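Heads up, the thing below is written out as structure tokens.
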Amino acid sequence: MTDTSDRGGPGSPIPDDADVMSRDMRWFTYATGLGVRVEAEAVPEPRPDTEVAPALPEAALGDRTPLPRGTAELLERAPYPHGRADAPRARADALGHALVAGFGLQRREPENPFNDHRPYPSVRAKFPVQVLVRDGRHRRVLDLYRHALTGVGRQDGAAGPLEVALAGRYTRLPDSYRWFRSSLVGLELGINLRQLCLGLDMFGLSGKLRLPDRDAAGLLTDFGLTPESEWSLPLTVALEDGGPSVTAAPAERAADPVLDGILTVNRTQDFTGSAAPLGPSVPAGLPRDGALSWAEVLWRRSAGRMPRGMYGMTGRRRPVPERALREAVSWLSVPPPGPHLAAAWEELRLTAVFQGIEGHADGVWHLRDGRPTLHQARPGAAAELETHYGYPVTPYAGGDIRHASAVWFLSAHPRRLVDRLGPGGFTAAQYAAGWAAQGISLAAAATGLYARPARAFQEVPTRQLLGLDPDEMIVCAAITGTPRFEGLLCDLRL
């Protein structure tokens with residue numbers, strides 16, 4: 001990540017009063033010059049939030065291949081952080097276990113309106129990213145509730161390498177999120193990429209990542225993901241050698257002007273070059289204490305809890321040992337795979353508000369060269385941040401920032417991203433930020449904290465509090481703290 005020394009810059013190119021749903025599109029237009037209409041009068045009224053795309057693609061009607069059982073038991077015998085599971089000899093079984101480890105159902109909290117928990121977070125628990133597998137003639141989608149890979153799309157393709165693809169469906173998120181669905185799905189693709197890499201690593205599998213190029217829409221056709229205008233271009237990981245077998249698809253337009261704007265952003269990706277080895281997803285320098293297994297860490301992952309069917313999260317303020325900070329910083333030291341994502345990663349700037357962390361003053365901190373550096377001692381900064389959070393505390397919901405131990409912010413200069421990586425750099429930064437946010441989530445789980453990725457902070461006052469540049473965009477945040485509530489947990493692991 002970039003050096004965080006103070007830098008000057010022009011005035012903000014985005015209106016201070018730009019609403020959160022259109023703000024990222026305005027940043028994209030500023031960085032690329034590719035205009036997207038975001039005026040309210042230019043788009044239809046959103047559908048009710050209950051009208052979203054189904055949890056699985058409509059084409060998921062084919063034969064099912066059961067996934068292996070016993071993944072949780074294998075992970076229980078794998079010590080965190082450096083232990084690995086005993087991988088089956090059969091490659092298909094190893095991949096099945098890897099997918100369950102990375103994405104499998106963990107638990108149900110009966111009082112939680114958003115069920116069920118997986119080892120990674122998602123907006124409103126909608127999980128818009130699908131995990132797809134190509135194996136020669138077959139195309140399948142990960143179907144967790146049937147514990148299977150279910151046939152989808154073409155089943156008569158030519159022989160090709162074993163691949164796993166990640167594709168996000170924008171219409172799985174409610175219409176009320178408008179253009180903001182573009183960034184949210186991009187972030188979730190980065191989160192899912194880290195989970196895929198982690199699952200593969202746990203079971204001794206390696207692969208090579210290919211980011212989308214101008215022909216990548218052909219994969220949507222291959223998997224039967226329609227309408228293609230509702231889907232992001234896929235990220236693909238080849239587990240076997242062999243080039244991609246994709247037929248180029250024509251440029252798309254969507255009848256819905258909001259989706260059309262989202263496609264304008266997503267379809268600018270044209271990352272060329274060879275597929276890149278995945279590399280590590282877990283930091284190498286974490287201490288070996290043997291107290292936790294990987295099964296326990298993935299089980300613990302939480303975005304915070306509330307009682308009695310209430311929404312949001314709340315916590316309790318307490319002193320936090322320095323180890324919790326070291327853990328998070330270690331996870332934030334691991335870049336995503338490949339030169340393009342590594343370049344986007346280098347352009348991300350990491351700023352945090354700390355509170356009650358052993359050996360660290362309350363206030364605003366920057367991460368420089370893998371070490372936190374105090375930017376401004378500011379007791380009460382977390383309480384100030386709460387006033388800029390989009391979900392205030394109410395009798396029905398929690399938005400507890402004032403008790404958080406650390407609130408991490410990933411930001412970037414959009415024009416620098418585009419200058420370095422082309423228009424697709426805007427989306428690559430979201431992949432990289434999602435990768436980082438999931439690292440924070442796993443570090444928090446290992447140290448008894450919750451971690452809630454968020455994009456709900458008001459950008460202008462938050463940027464001013466953090467000391468960011470006027471031409472700097474907040475890509476993602478992650479709120480970490482100690483849970484206040486506990487309750488019944490129903491084990492769903494297989």
Side-chain angles (χ1 to χ4, degrees), residues 56-57 59-78 83-106 118-120 127 129-167 192-210 219 222-225 234-246 275 277-282 294-295 298 337 492-494:
L56 287 177
L61 300 172
D63 294 336
R64 295 174 194 149
T65 302
L67 291 165
R69 294 179 178 267
T71 304
E73 287 80 0
L74 292 172
L75 292 174
E76 283 173 352
R77 298 197 290 270
R84 297 296 180 265
D86 295 329
R89 291 185 179 179
R91 191 179 188 85
D93 286 344
L95 176 58
H97 282 302
L99 296 179
V100 175
F103 305 102
L105 300 173
Q106 297 291 306
R118 306 185 193 187
Y120 60 101
F127 300 101
V129 175
Q130 298 291 339
V131 183
L132 304 144
V133 178
R134 295 203 301 175
D135 178 12
R137 294 171 58 87
H138 303 293
R139 284 92 177 111
R140 304 190 186 280
V141 63
L142 181 61
D143 189 344
L144 292 174
Y145 282 96
R146 294 180 178 88
H147 199 67
L149 292 172
T150 297
V152 63
R154 297 177 57 197
Q155 301 300 319
D156 59 350
L162 178 62
E163 293 178 321
V164 180
L166 303 172
N192 279 252
L193 177 61
R194 191 156 204 170
Q195 281 303 106
L196 175 59
C197 292
L198 178 64
L200 295 175
D201 188 20
M202 286 293 104
F203 286 89
L205 296 172
S206 59
K208 294 181 179 179
L209 172 67
R210 183 177 295 278
L219 266 174
D222 197 54
F223 280 111
L225 302 180
L235 312 182
T236 57
V237 172
L239 277 67
E240 298 172 348
D241 289 335
S245 53
V246 174
L278 291 183
S281 62
V282 180
W294 272 108
L298 297 175
L492 301 179
R493 295 174 294 178
L494 292 172

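This one's a predicted model, so the numbers in the text were calculated from it and none came from an experiment.
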Could you grab the distance from atom [atom1] of [X] to atom [atom2] of [Y], nearest 0.5 Å is fine?
| X | Y | atom1 | atom2 | result |
| --- | --- | --- | --- | --- |
| Y120 | L196 | OH | CG | 11.0 Å |
| C197 | M202 | SG | CE | 11.5 Å |
| D135 | R137 | CG | CZ | 11.5 Å |
| L225 | L132 | CG | CG | 5.5 Å |
| L219 | R139 | CG | CZ | 9.0 Å |
| R210 | T236 | CZ | OG1 | 6.5 Å |

Nearest heavy atoms of [X] and [Y], plus distance in Å:
| X | Y | value |
| --- | --- | --- |
| P57 | V152 | CB-CG2, 4.4 Å |
| F223 | A165 | CE1-CB, 4.1 Å |
| A85 | A78 | N-CB, 3.9 Å |
| G83 | W294 | O-NE1, 3.3 Å |
| A59 | G224 | CB-O, 3.6 Å |
| P119 | G104 | CD-O, 3.1 Å |

Is there a side-chain contact between [X] and [Y], using heavy atoms and a 4.5 Å cut-off?
| X | Y | value |
| --- | --- | --- |
| L200 | V164 | no |
| L144 | F127 | no |
| D241 | K208 | yes |
| L142 | V133 | no |
| L198 | L298 | yes |
| Q195 | F103 | yes |

When the side chains of residues 91-101 are checked against the rest of the protein, which donor-acceptor pairs come out under 3.5 Å, sequence neighbours left out?
unit_1 : atom_1 : unit_2 : atom_2 : d
R91    : NH2    : L239   : O      : 2.4
H97    : ND1    : T71    : OG1    : 2.7

Applying side chain to side chain donor-acceptor pair (under 3.5 Å), can you list everything that pairs with [X], at least two apart in sequence or on another chain?
| X | answer |
| --- | --- |
| R64 | none |
| Q130 | none |
| T65 | R140 |

Item to check | Residues in side chain to side chain contact (heavy atoms under 4.5 Å, CB included) contact with A295, at least two apart in sequence or another chain | outcome: L75, E76, S293, R493
Item to check | Audit row: L105, Y145, side-chain contact (heavy atoms from CB on, under 4.5 Å) steps and yes/no | outcome: CA-CA 8 Å; L105 300 173; Y145 282 96; 3.7 Å; yes
Item to check | By salt bridge (Lys or Arg N to Asp or Glu O under 4.0 Å) - contacts of D201 (at least two apart) | outcome: R84
Checklist entry - Please walk me through it: do L193 and L209 pass side-chain contact (heavy atoms from CB on, under 4.5 Å)? => result CA-CA 10 Å; L193 177 61; L209 172 67; 4.1 Å; yes
